[in-house]
Amino acid sequence: MSDAQTKPHETVDEDRRDFIHIATAATAVAGAGALAYVFVDQMNAASDTKAASSLDVDVSKVPVGGEIRVLIGGKPFFIRHRTPAEIRAAQSVDLSSLPDPQSDEERLVPMQSGEYNPAILVTSGSCTHLGCVPVGPAQGNTGDFGGWYCPCHGSHYDTSGRIRRGPAPANLPVPDYNWLSAAVINISL
Amino acid sequence: MSGHASTYEPKTGFTKWLDSRLPVVRLAYDSFVDFPTPKNLNYWYTFGGILAVCLMTQILTGVVLAMHYTATVDGAFASVERIMRDVPYGWLIRYIHSNGASMFFLAVYIHMFRGLYYGSYKAPREILWILGVVIFLLMMGTAFLGYVLPWGQMSYHGANVITGLIGAVPVIGDSIKAWLMGGPSIGNQTLQRFFSLHYLLPFMIAGVVILHIWALHVPGNNNPTGVEVRKDKEGLKQDTVPFHPYYTVKDGFAIVVFLIIFAAFVFYMPNVLGHADNYIEANPLVTPAHIVPEWYLLPFYAILRAITFNLGPIDAKLLGVIAMFGSIAVLFFLPWLDTSKVKSMRYRPVARQFFFGFVVAGLLLGWCGAANPDDPIIPMGSDKLVVSYTDANGNEATQTYEEYEAAATFREQKMSEGVEAIIAVEKAPAFRFVHLAQLLTLYYFAYFLVILPLLGLRENPKDEPASIHKAVLGHDRAAPAPAE
């Protein structure tokens, strides 16, 4: 130690300095990155928000030709009890004429018995255009195709929740759900 | 902070002592008292001062409102009503804040059009202009966040539409959207972060405003002639006046007139610029029939909705979002898109016509943004009723009617024959709002991307005056080749 103090440094070890600079900067960047991760991740859904993401619904309470609307984690869902005429209309469409072709059966989930219950249609309640909630039978406007109509920008959905006309790019998505019994479904996000 | 030599001389012992430690009085003196300012600035140049007043008003009233506001989905709407009814003068402070946002945007749009007209974005003021666009973006963000806070119907569903825009981004859009909302939908956590950010952003605006003024004071003000102030001592003296008292008084007068208009809104029509739907508490299950943003965002909303067609692999929704953000992004490049060496439109008669066309296009885009895009502007014929049924041979057939009664009678007749018949409305062809918005959007982009770049190379501008001094004396009319 005393040697180093008495002997003046006449040369600078550039490699040694570069190493120190790079190592210091790398440590600082790693620290900043770790801190940034924490501050970015805190914006993601909290555990309690994630936990409130499924709901059991008794579909036998939905009147024929009507629908109920439920919120799961703040997201709206439609559960519609379709009339035989509405089911026929949904099944008889020429799929090639649809903007987002899907058969009616693809939009249903089989019950525990393996059979389909075409009377109950479950869809998301957010218009695929910009997320407005379309109006339906309860509001007295089912659009030009008998399903739903989005008043924001004029998207028409049919009785299977498929987009038929308007700016929306896709059908109303069918959420993940399963039949717990002949009358109760469990919808999860 | 300014590009001229300081003329401040501390007089007292205290100011001398302070000046050698923190020359803050010197900074203020050189920036706002003895700052050489072109002597021909007109009233369009007072909006910078007006905007400073707007920002201070919003921060002051906002800080007070935050003392009474509750940022929870159960408490927000009620706390705003409490401010309106129970907090002493709460109604006044909230109306100043809500109308203040509109006044802020009114002033900023005039300020920006002023800059466009007099070429204030051109060298050496590119950074000044870009900082202004940054402030404009921050203002739009702040206004959007603030509009969500009362938790009314328009707050909630407007926020839904705007966050939905982010979902249009391919692949990562949905994750970013969920990250911003802090969950699967807009909820309590979203309201809380929006409140926090709404409080933060105005101070960021204030920070950028300081940079904006700094970037103004290095090259100095532009002026209606677009001719730079001469830098030699005699020219500087002839072309400029000190900021105080000349422009403190002029700005002060303009601020008073502006505040009179502001007060007229606050006291006589505090809700005329808002939407009645926002006095209904947010209900995620019921979307208002007609979601529109506040008036100051309407032109951009119109551009978003004008894109109803796909372009190659990009669908209409994403393309609309790109167009909307592009309409602001293009402003960042304006200093290099305008190729003309002449700053002021006073001396660019052809460009001036296109500029006024641009102002009209902006206003009409606002009109389109407020309207239902499918509504006709110029109807071509009237809507018809089409009855569809299956004829005797089993083929699909239709019958068209003008009147409902005739169509209904025909349908009943078919139904009584045991044939299913459906009535549908066939919309008459028309020139609709969406068509107008498409034309205006085209003009908006063409103005920046085609007209300004080409015009600067091809037009014949009029002769500019030799100096601001000569222009003020009326010598700019028949200006021969300047002989220095």
Side-chain angles (χ1 to χ4, degrees), chain A residues 40-54 67-78 85 88-89 99-100 124-136 138-139 141 143-146 148-156 165-170 175 188-189, chain B residues 73 156-168 175-190 193 196-197 282-292 301 304-305 307-310 315-318 320-321 372-375 420 422-427 432 434:
Chain A
V40 169
D41 194 45
Q42 56 81 23
M43 296 266 283
N44 280 317
S47 301
D48 62 334
T49 311
K50 285 184 195 158
S53 62
S54 84
E67 68 177 14
I68 60 169
R69 300 177 160 207
V70 295
L71 282 175
I72 303 171
K75 278 185 142 175
F77 292 91
F78 299 155
R88 271 203 304 281
D100 182 9
S124 156
S126 295
C127 179
T128 54
H129 182 221
L130 292 173
C132 295
V133 182
V135 295
Q139 290 78 29
N141 186 352
D144 289 354
F145 298 89
W148 290 271
Y149 171 70
C150 184
C152 293
H153 304 101
S155 293
H156 297 262
R165 200 169 73 223
S188 57
L189 289 177
Chain B
V73 292
Y156 180 86
H157 292 281
N160 237 333
V161 171
I162 301 296
T163 50
L165 298 180
I166 297 149
S175 324
I176 296 179
K177 188 178 155 191
W179 177 74
L180 282 174
M181 298 192 302
S185 65
I186 291 173
N188 198 57
Q189 73 287 352
T190 322
R193 64 186 59 187
S196 171
L197 294 173
N283 180 354
L285 283 176
V286 179
T287 307
H290 193 45
I291 296 183
V292 274
Y301 193 54
L304 167 75
R305 295 193 302 181
I307 311 298
T308 52
F309 46 86
N310 302 337
D315 69 13
K317 184 173 160 182
L318 179 59
V321 175
N372 182 342
D374 286 332
D375 282 351
E420 284 246 10
I422 305 168
I423 301 184
V425 178
E426 188 187 85
K427 289 242 167 70
R432 299 175 196 285
V434 62

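Order of the sequence lines sets the chain letters (A, B, ...), proteins ahead of strands, with each chain counted from 1.
- For A:D144, no part lies near chain B; criterion is any non-hydrogen pair under 4.5 Å.
- Ranking B:L165, B:L285, B:N160 against chain A, the residue ahead of the rest is B:L285, based on heavy-atom pairs under 4.5 Å.
- Relative ring orientation between A:H156 and A:F145 is described as perpendicular, the plane-to-plane angle rising above 60° on a 0-90° scale split at 30° and 60°.
- Contact detail for B:P288 and B:I291: the closest heavy-atom pair is O-CG1, 4.0 Å.
- Checking side-chain atoms of A:T128 against main-chain N and O of A:A168 turns up no donor-acceptor pair under 3.5 Å.
- With contacts defined as side-chain heavy-atom distances shorter than 4.5 Å, the pair B:I162/B:Y301 does not qualify.
- Among B:P184, B:G183, B:G164, B:G187, the residue making the largest number of heavy-atom pairs under 4.5 Å with chain A is B:P184.
- Contact annotation for A:P76: both backbone and side-chain heavy atoms come within less than 4.5 Å of a heavy atom of chain B.
- Of the two parts of B:F309, neither the backbone nor the side chain holds a non-hydrogen atom closer than 4.5 Å to a non-hydrogen atom of chain A.
- B:K317 places no side-chain N or O within 3.5 Å of a backbone atom of B:G167 that could act as its donor or acceptor partner.
- For chain B, no part of A:Q139 is nearby; none of its heavy atoms comes within less than 4.5 Å.
- Heavy-atom pairs under 4.5 Å with chain A peak, among B:R193, B:Q189, B:R305, at B:R193.
- Distance alone, capped at 3.5 Å, places no donor-acceptor pair between the B:H157 side chain and the B:V292 backbone.
- Counting heavy-atom pairs closer than 4.5 Å to chain A, the top residue among B:P373, B:P284, B:A316 is B:P284.
- Of the atoms belonging to A:V40, heavy atoms from both backbone and side chain fall under 4.5 Å from chain B.
- For the pair A:V133 and A:F78, the minimum side-chain heavy-atom distance is below 4.5 Å.
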